[in-house]
Every structure is written in C-alpha cells, then in structure tokens.
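Chain A is the first sequence line, chain B the second, and so forth, proteins listed ahead of strands; every chain is numbered from 1.
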Amino acid sequence: MTKKDPYILDRPTGRRLRARDALVCVGVAVVLLLLIEGPSIRNTGREMSSGVERTVVRAVGEPAGWAGDRLPLSDAADSMTGWLSPDDKLTGPGGFQNAAVAAPQPGDGAPAPITPDYFDPSAIGGKTRQLPKLTKLLVTGDSMSQPLDAELARRLADTGGVQTVRDAHLGTAISTTDLVDWGKLSVRHAAKTPDAVVMFIGANDAFPMSKPDGKTVNCCGPDWAAVYAARVRRMMDTYRRDGATRVYWLSLPYPRGSARQTIVRTVNAAIAVAAQPFRSQVRVLDMASVFTPGQRFRTAMTVNGKATIVRHPDGIHLNAAGARVAAELVTARLRADFKSIGG
Amino acid sequence: MVFPTVEFAIFFPIVLALSWALMSRQHVWKPFMLAASYVFYSAANPLFCLLLAGVTLGNQAASKLIHGSEDEHFRRRIVIAAVALNLITLGVFKYYGFFATEVNGVLDSVGLGLPVPLAAIALPIGISFIVFQAISYTVDVKRRVIEPASTIDAALYLSFFSHLVAGPIVRAREFLPQLATPRDPRNVALGAGVFLITVGLIKKVAIADSLAREVVDPVFAVPQAYAAPDLALAAYGYAVQVFCDFSGYTDIAIGTALLLGFVFPQNFRAPFGATSFRDLWQRWHITLSRFLRDFLYIPLGGNRGGKLKTARNVMITMTLGGLWHGAAWGPILWGAIHGTALVSEQFFREREWRPPKWLRWFIVFHVFVLALVFFRAATLDIAITFLGRLLEPGPATLWTFPIVAVVVGMIAYQCVPQRPLDALRVRIEQLHPVALGASMATVILLVAATVSSQGVPPFIYFQF
C-alpha cells in the first residue's frame, strides 16, 4: 500500500450544502446583527476618521441604525447579554456623548477669575507643595500608556508599598465616545481616590466633535482644539480632586507621518491650554521635547550615553526603552511632589 | 483588516456572495478575488501591497526561470538568489532593529563605536507568512514538486485573504490545485465552516482576551508584585491564551476558506495532550513545523550524518524557529529550550528510558509552559524574576472560579480522547442554513458582550 501524499488535503467530513445555502446562512446572520447592532454600527461609522472605511461603515450603519431604532432588539440584546460584560456599565454624570462640552465662548460675560491654582509654585520661585505619601497610582490612557504603565508598575513595586493600577483602553480617544466615554471614565477613576494619575493618551484622536452649538467640527483647527481642550480640562479637574491628587499628563511625542504630526501638534497645544487653571496640581510632562525636539520625529536618541531606539516601528508609540525614559521622568516628578513614595 | 471587526463583517458577506456568483467564470473570479485580497491587506497600510506584489512578482519570475532551464547549476543559483532575496526582505523588515542594536552593543563594548545606523522599521503585517509561502513555492518548483503557476494563480496563492496575515502556512501544492477548477457550488462544507468561525471567535475574544486581561498581562508586567499562586496561574493561563488566540485565528481562517469552497491544512491538533516533544510539534503550529522540517532541517542534513549532526540540526532549526517568533532573546531562548528538549528526548529514547505516559505528559506540558515564560516576558530580566518567584509563597489574588475553570478545562479537554465538541459539530452541521445563520449571529452577540472597554487586542501572531 502506498503512503498517502500528506499535502493532498482532505475535505472535512460531514454534511455538504450548496453555495446558495451558505449565502442564506451568512445573510441571516448579517441581517440579524444589523438589526440588533445597527445603532452601534451607525455610531461607530459616525465617529471613525474620514476615509473609505468610514464611508463604507456609514453606508451600512446609517440604514441599519435607522431600522434598529424602530425595533426593540438592541435594548433586548443588551439586557440579555449584559451579564457577560467584564466592565461595569459607564453611567452617571460627566460624559462627553450627549452634552457637547462647552469650549470657552468669547462674550459670555466676565473673564474667568485667575486663581492661585494657575501657578506651579516652583515655576515662580516658590516651593512645591508636597503631598504626604504616594500609595496608589493610576496609569491610564490609550495604547500610548503601554508599556509605560508596566515600567512604572515595576519601578514602584521595587520600592514597595505603592499600588499601581494600570488601565489602558486601546483604540479609544478623548474626541470620541465610541468605545469609552473618557468623561465618565475619569469620574469613575477619580472615585477610587488615587494619589496620583499618569495620563498618556491621544494616539487615536482627531475624531469630529460637536461644538456647544451642536455643529460638528473636524480636526484640527482652533474650533476643534477648543472643544478638545475643554474635554481635557474637565478630565483634569475631575482627576485632581480639588488638589487631593496629582495629575501627570504626558504630551505626545511627534509621530512619523506628517498627517499625524498635525494632529499631535493640535492635541499638545490643547493639553497645554487645558492645564492652565490647574498648574499647581496638574503637571504637563513634555514628552514631545524629550523624544522629538524641534517637533521632528526620530527613531533613536542617546540614553545613558548610548544611541538607543526609543520608538516603536509604527512610528507612533514608545518602545520599551522609550517607556523607560518616560518612566524616569514621571518618577522624578513623583519624588518631587510626594514626601514619601510607598514604604 | 482583521477578522473580528465591523469592517470584516461587511467585507466578507460581499466577497462571499460575489465569489460564488463569479465562480463559474474563472477569468473574472480570479482577478476579483485577487483585488478583494489586496483590499483586505491594504486596510493595514496600502503601501504594504507594493511589498506583497513585489514578493509575488519576484518569486514568480524566479520560478519561471527555474522551470525553463534544465541546467541544474543555473536552477540552483536562481533558487538561492530567490530564497536570499526573500530572507533579506524578511530580515530588513523584521530583524534590522534587533541586530543593529546587538551588533552596536558588541562593537561599542570593544571600543569600535556604534557603526550600524539605528532604525525602527514598520513591520508589514503577515510578512513572515507571505515570505515563507513564497519560499515554499519557489523551492517546490526547483524540486520539481510543482510546476510554476500562472502569474495570477501565484498572486492569488500568496495573497488569498483568509490565510494572508497569520496563516496557516498553506503550501503551493495544497492551494494551486484548488485553483485549477472552479469550486463546486453543490459541495460547500457550510456547517463545518460556520462551526469553525464561531469556535474561533469564542477562543479569541471570550477566552484568550479575558485571560490576558484578568491574569496574564498584569502578572507578566510586574511579576515581583505577585506570589507563586498567581504566577502559576499566569503561566498556565498564558499557555491557554496563546493557544486560543492563535488557533482561534486559524479556525476563523479555515472556516472562511471553507465557505468560499477552499480547504486549508489544520494547524493545531490538541497540543496540550502531547506526550513527547516530537508529538508536541506535530500538534502545535503544524504548518510551521512542517515548513521548518522541509526547508531547514532536511536541507541541513536532517537525521543523516550521525547523532551529533542530527542534534546540531535540531538545535539550529528550533533556535531559528524561535527567532522567527520574535527579534529578541526571549523567543530565541524559547526555541533553544525546545531544541534541547527534542535532543534530550531522542537521547533517552535511544536508551529505552520510557517513563509512564502520565509522567511523559507532565514533563512535556510543564517544559512547554515554563519555556513560554521566556516567549511572553518583555525582557529576559522579567522572565528570570517570574521564574524566580514561582516558589514564593503568598496569596492567590487573581484566582477566580471562571478563570481557573477555563484554564483547567482547556488543558483537560485536550487530554481526553473523545471530544464532546466533535459530537456538537456533527449536530450543528445538520441544522438548516437559516438556523445556522441565527446561531452564528447569537454567538457573535454573546462573544461581543465579553469585550471589555479596553478593546480587542490584536492577534498575538500578527507581530510575527
């Protein structure tokens, strides 16, 4: 008996049907999913960055959403599958989705008062007001916050006595509420009373947002920057908990592509504006200057006297070595702001 | 574009419908499917399509040249050049940063400075799988196993979207014959395809991602913050995670191909049930194992030339297999551990030392799990810290009933000979197409409900 050629594939055993049956099967699945998930597909499409994919998803999502709104299937499915969700549903105040967060409007009356919180004492020759002890640190953001979060957690674990909570939400952005509403999430984070919050986010931003008057603005003009800064400011205010928490908001290093550089330039400018009223408690750590001086992308930089690759090959994120550099800067600020770390 | 996304959920039904509509007209179907595959690939980055086209045309030209000549020296020179170009392509995109850093480190330590420019080059998704399939095509033509395909068939073979970005590594001799005639529209393994797609989604989204989120990622990030019970759970959990992640992708790839009328080779066969290391590599990432065997181990000499040379060939093959998984010392060490295990196993087999089956399983499984620590840890230091703390007593802070049940269940399931899922699959295959579609939609909804607000992480094997 000759041995069978192992590279001749056996078709799987079992029942055979017609191609038409395959189309019926997939068609039924698609129709059901469109009717049940139509509203969320529509929202996904609306909040995607412009491009062919957005056009296609919207072409499917808008009619599906319209049909879904008229049927009770979506809510029924949510209530039936909610028990499977690993997350507590983000409810409560502070969300960005329904209320267009007001950007400062000229002519709204008297200018907002300037308070002492506008000033970082160390920047005007004073002494930094230290908090007593760092025992709980939250490191959060989008994919930018990885692997920085792990690097910080390792460093502080070596110190002992610091609980580092890592909560990265990949693919999310402040300018969209599609996956996560950062307004609501920041409220939830703050309720857990961290002593310090490290925020590194913005890799996915540039989504269209609504102005207070309901008009949609696209990235990256002053209107978009104003709405973005208002959202960031609200988050900073939530996280700082009237001064009980120190917030370390990392600006974005410039990425490789020119289109993304425009976005990062706007996001960084908005972060700087947003932090102005809270300078005594919110530190904007300038990763842009550290990793991309002169706003010019570079793959490698000198670290401890050696040329070292610090950026991920995607040209956006920091790699492990870059995260070590960023972690060093964050921990230096933590030491300056807290009388003791862990212990 | 990746499988569990809205974009793919729109893309696939359209392609499926048009594919069957055009199937009888092959001169239209082939360009259509080629275009669809390039659209699929361009979602990651349209520029990567140029690389895919370049690899395709380069290997097709080499294959034609080889086939057109009877001069063995010429044929050999062409195949060497083609393989070298493929490997250079892979090396530049995948390994340049790693080797530049390591070479600079060595040269700098002896005072020769840092002469190699540092660069972090974007890794085209699926580049390893594309290059490996291209090599297999050209070499098989050289070996006269197959004849060169038409250019469009070769392009379709290398770009077919179901296997494009993460395998399985389908050989030309398996795929090209399926392009020779239109797929039979009266012979679609619909139930098997739908079953594989849904099982793949459950494995990837509901199991692998949950394990990563709840146990594996936190522990591997900061192993010094955890004690033995959590570290052990993370080690076993990662073994289950990587299996579910990769075999889940493979299941979806094979399932979508079945709905289109194509058959792909199996890539996993209950690997946790292996009772020898040789057995393990015939069950785990089967298409990579056979590629390494056919295109590296055997050309190195295989088991011809004595015990020492066989051991050397095994070590080279497995270490390079480790390097294939990642440009870092962890994966290289992981490959070397498996090479050492295979050599040791052969040594004991020749001395007829044969422990009981349960003990063999225990050894193989635990070497596999512990070697994966080097594979997963971001650095060797973290891996060593992880292993060093495996005997550190302390509380089990991450043990929950669902997590432990999933880990134990996934391991135990593969060790029992009769698998209840096989019976379930037979029952599902009997369903009416409408019921099959409704079942698939229900599973997708349930699986989607398990996605956390942290999102669906990419498939682990995308980075390879």
Side-chain angles (χ1 to χ4, degrees), chain A residues 7 9-12 14-30 32-33 36-37 41 44 53 56-57 60 77 81-82 84-87 90 147 149-150 153-154 157-158 164 166 168-172 179-180 185 299-300 306-309 311-315 319-320, chain B residues 6-7 9-10 13 16-17 20 23 43 97 101 104 108 114 118-123 171 173-174 185-194 210 213 218 221-222 224-225 258-259 261 263-265 378-379 425-426 429-430 433-434 436-438 440-441 444-446 449-450 452-455 457:
Chain A
Y7 295 104
L9 297 172
D10 293 323
R11 297 187 72 81
R15 189 181 174 209
R16 290 291 181 281
L17 292 167
R18 294 166 301 173
R20 190 187 308 162
D21 297 320
L23 297 180
V24 168
C25 168
V26 174
V28 166
V30 167
L32 283 174
L33 290 171
I36 295 168
E37 292 293 329
I41 296 171
T44 302
E53 283 188 58
V56 173
V57 173
V60 174
T81 60
L84 284 167
S85 174
D87 302 318
L90 273 178
D149 56 354
R154 277 194 291 274
D158 292 339
T164 304
R166 302 158 55 228
H169 293 263
L170 311 186
T172 65
L179 293 172
V180 163
L185 185 60
T299 298
K306 281 189 178 175
T308 307
I309 295 176
R311 301 300 292 269
H312 191 275
D314 64 13
N319 67 6
Chain B
V6 172
E7 292 90 326
I10 295 170
L16 180 69
W20 282 114
M23 185 60 81
T101 303
N104 277 342
D108 191 42
L114 306 165
L118 292 177
I121 299 172
L123 182 67
R171 297 281 282 275
R173 58 201 287 199
E174 293 167 330
R186 294 159 303 173
N187 189 16
V188 180
L190 176 60
V194 168
S210 300
R213 185 177 59 244
V222 199
Q224 57 266 54
L258 281 176
L259 296 192
V263 181
F264 286 174
T379 64
R425 173 178 165 163
V426 171
E429 283 178 357
Q430 303 307 316
V434 172
L436 264 179
M440 183 159 63
I444 290 172
L445 284 171
L446 291 171
T450 68
S452 81
S453 62
Q454 295 174 339

Between CG on residue B:Asn187 and CZ on residue A:Arg18, distance to nearest 0.5 Å: 13.0 Å
Interchain contact, B:Ala378 with chain A, by part (heavy-atom threshold 4.5 Å): neither
Chain A contact via B:Val426 - side chain, backbone, both or neither, heavy atoms under 4.5 Å: neither
Separation of A:Arg20 CZ from B:Arg186 CZ (nearest 0.5 Å): 12.0 Å
Which portion of B:Leu436 sits near chain A, non-hydrogen atoms under 4.5 angstrom: both
Pick from A:Cys25, A:Gly27, A:Ala29, A:Ala22 with the largest number of heavy-atom pairs that fall under 4.5 Å of chain B: A:Cys25
Segment of A:Val57 engaging chain B (4.5 angstrom heavy-atom cut-off): both
Portion of A:Leu32 that has a non-hydrogen atom of chain B nearer than 4.5 angstrom: side chain
Gap separating the CG atom of B:Leu259 from the CG atom of A:Leu17, nearest 0.5 angstrom: 10.5 Å
Minimum-distance pair of heavy atoms, taken over all atoms of B:Val222 and A:Ala157: CG1-CB, 3.6 Å
Considering all heavy atoms, the nearest A:Arg154-B:Gln224 contact: O-NE2, 3.5 Å
Minimum side-chain heavy-atom gap A:Glu37-B:Leu445 below 4.5 Å: yes
Minimum heavy-atom distance between A:Leu23 and B:Ala17, given as atom pair plus value: CD2-CA, 3.5 Å
